[in-house]
J.: 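Handing you this structure, nothing more for now.
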Amino acid sequence: MPFLELDVLNAPERTTLGIDLGTTYSLVALWRDGRPLVLRPKGRPDGRIPSVIHFPKSGAPLVGWPARDRAASDPGATLFSVKRFMGRGLADARTDLASVPFAASQTDNGVIQFAAQGRKWTPQELSALILTEVWRTASEALGEDAPRRAVITVPAYFDEAQRAATRDAARLANLEVARIVNEPTAASLAYGLEQRREGIVAVYDFGGGTFDVSILAIEGGIFRVLATAGDTHLGGDDLDRALVALALAEARPGAELEQDPAFLQGLRLSAERCKIELSTRPEAELHVAVPEKRFVWRRMITRAEFEQAIQPFLERTLQCCARARHDAGLAAREIDEVVLVGGSTRIPRVRAEVERLFGRTPHCELNPDEVVAMGAAVQGHVLGGGTRELLLLDVTPLALGLETMGGAVSKIVLRNAPIPCLVTETFTTYADDQTGIDFHVVQGERELARDCRTLGRFKLRGIPPLPAGMARVAVRFALDADGLLSVSAREQSTGAEASIEVQPMNGLTDAEVERMLKESYAHAREDFDQSRLANLRVELGTMLRAIEKNLPAARAGLDRETLGELEEAVRRAHAAEQAPDVAAVQVARDELERAALPLAAVLMDSVAKAALAGRKLSEV
Ligand code: ADP
Ligand code: MG
């Protein structure tokens, strides 16, 4: 039963932090009240901690926001991207070392060291500074000392040395590591995908400075990495630089400004702002001003322009995806779930390209730069002996679906589906030249719409007139963590769209949910027949109309005997259309199908002949 189990709620919980120790930002979350909660100190709604360290002339190093604030004024004393050096030696980190403002050397056992403030710092020690700041932030948000136990995430491609370095960093920060978890696994946990028990997940992580894609197999609720691919120097920063290049080409600020780090930094920040705005708006301003030099330049950038500028980078990410899928030995249709991670996946074009590549709507209901920390908190909760399957809020207690032609229900979100969730299905038109569809959103386990609870109705207009079955309407059910359901329908050729939002659990008590479930068990057999009957009738009706439309072609192309059989089958099908039992309708449908085969051949033939004669198919 999907109801609250009191002993679970009251079970003592060994609280464990979930920490996303990121290249550009780190984030911390904790399991609270049945869900992972990102910890944000008061007045800091985003909770992210820049993974940045600044070494002032004297005094303790600054970490996080204060360090980032110094980055522009004192770039020579500020260190970014420590994560790139974890567990690596001088030789294999050469290219990354070029961007570090400090002299690097190596310890006797091959660990990189940076010289700053008269001493040497290993990446482990620097990461420990970040983790200490993360713990402090968590404590500030909680208003008390945060737990010292933590699940920490690392990229799936991290090798043993890199993982060991991460553990060392945690130990130096006085944290007990409950487990090191792969970032894509954490993201999948945040979406509750382990509850599938079995399946294949692709996790597309496009962050600030890195891109990676992982293909995971879920087996008995456990994740296994099948393949990873990526580019450690491809990220949102590249997209910013594309806008900077566009601005420089048009603004022509002159050689002096183009060499000025403060000017370039200002332009880069403006480019990032513009990029972020374009994720929600059709156009945004790119603006840079140097008042001292009386230099001002501004211009509106359209989303189309931006998309064109970033396309080469998107192509590279898609190539990595194809490679990972290939390495895992899987076809596109074998990927069951796609998860988006990283701030750059907020860009609508990125989502669209990923959806197109995998042929599947990716999960993006959760904040893409928070999912990894949230998943780490889920893992921490489970390791601490907590369960999540039994928590009411995590699953849908009743199916959600649409009434289809004939009165049956097409269930879109199944009972017990983990929420938040997102499901997309494609529907089509029933009649020729049908330009609208009425949607009836229902909730319940019964098979006929009239036995379910009506949640809402809406209409989609503006479907182009097409033969029956040719229009493609993608219907999307998105159920968010608060239980709000948005249903939207979109015709794919014109983009015509309509949607509705409803609160499925409003006015529904536990007792009613239980009654609805019991009724569905009691009527299971009869419901099954009713729904099958409804669907068969629709199928029969569709076939009948298609055949009748082509009767002239049948009369011209079929011999008398075959034509007679077809006409007889049509007559019987009409008689059976309203028959009350499944078997009668089924027999009529099967007969009609058989009798129509020669007609199908004739039609194919005329299409083929027309093609050979060079005529367009639409003229046939
Ligand atoms: P990382 O995992 O590499 O530390 P994040 O996942 O936090 O990085 O992603 C940071 C990147 O996401 C930055 O390049 C930032 O500009 C970009 N970003 C954040 N929000 C948006 C948005 N709304 N639209 C486009 N890009 C965004
Ligand atoms: Mg990240």
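For ligands, and for the atoms within them, numbers begin at 1 and follow the listed sequence.
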J.: Which is it for S344 and ligand 1 at heavy atoms under 4.0 Å: side chain, backbone, both or neither?
T.: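 Contact part for S344 vs ligand 1: both backbone and side chain.
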
J.: Does an N or O anywhere in S279 fall below 3.5 Å from an N or O of ligand 1?
T.: yes

J.: Going by the order shown, which atoms of ligand 1 are within less than 4.0 Å of some heavy atom of E272?
T.: 13 (C), 15 (C), 16 (O)

J.: Going by the order shown, which atoms of ligand 1 are within less than 4.0 Å of some heavy atom of Y25?
T.: 4 (O), 7 (O)

J.: When you measure from atom 17 (C) of ligand 1 to each heavy atom in R346, K275, E370, which option holds the nearest one?
T.: K275

J.: Suppose I only count heavy atoms of G236 and a 4.0 Å limit; which atoms of ligand 1 are within that range?
T.: 14 (O)

J.: Are T78 and H54 close enough that a side-chain donor and a side-chain acceptor fall under 3.5 Å?
T.: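 Note: T78 and H54 side chains meet the donor-acceptor criterion.
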
J.: By number and element, which atoms of ligand 1 are closer than 4.0 Å to a non-hydrogen atom of G342?
T.: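 Taking each heavy atom of G342 in turn, ligand 1 has 6 (O) under 4.0 Å.
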
J.: Please check whether G207 reaches ligand 1 - meaning an N/O of the residue sits under 3.5 Å from an N/O of the ligand, judged on distance alone.
T.: no

J.: Could you tell me which atoms of ligand 1, counted from 1 in the order shown, lie closer than 4.0 angstrom to a heavy atom of I347?
T.: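 Ligand 1 atoms under the 4.0 Å threshold to I347: 25 (C).
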
J.: Assess, by modelled atom type and distance only, whether the side chains of T361 and E355 contain a donor and an acceptor separated by less than 3.5 Å.
T.: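 T361 vs E355: donor-acceptor pair found between side chains.
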
J.: Stepwise, does the side-chain contact (heavy atoms from CB on, under 4.5 Å) test hold for T210 with L234?
T.: CA-CA 5 Å; T210 61; L234 173 60; over 6 Å; no

J.: Taking the six-membered ring for Trp, are W121 and F55 parallel (under 30°), tilted (30 to 60°) or perpendicular (over 60°)?
T.: tilted

J.: Is a side-chain donor-acceptor pair under 3.5 Å present for R224 with N182?
T.: no

J.: Using the rule given for side chain to side chain donor-acceptor pair (under 3.5 Å), can you reason through Y204 versus R351, listing the C-alpha separation, both sets of side-chain angles and the distance that settles it, and then say yes or no?
T.: CA-CA 10 Å; Y204 177 100; R351 293 185 177 182; over 6 Å; no

J.: Looking only at non-hydrogen atoms, which of D240, T24, V350, L239 approaches atom 1 (P) of ligand 1 most closely?
T.: T24

J.: Going by distance alone, is a donor N or O of one side chain under 3.5 Å from an acceptor N or O of the other, for Q311 and E315?
T.: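 Yes.
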
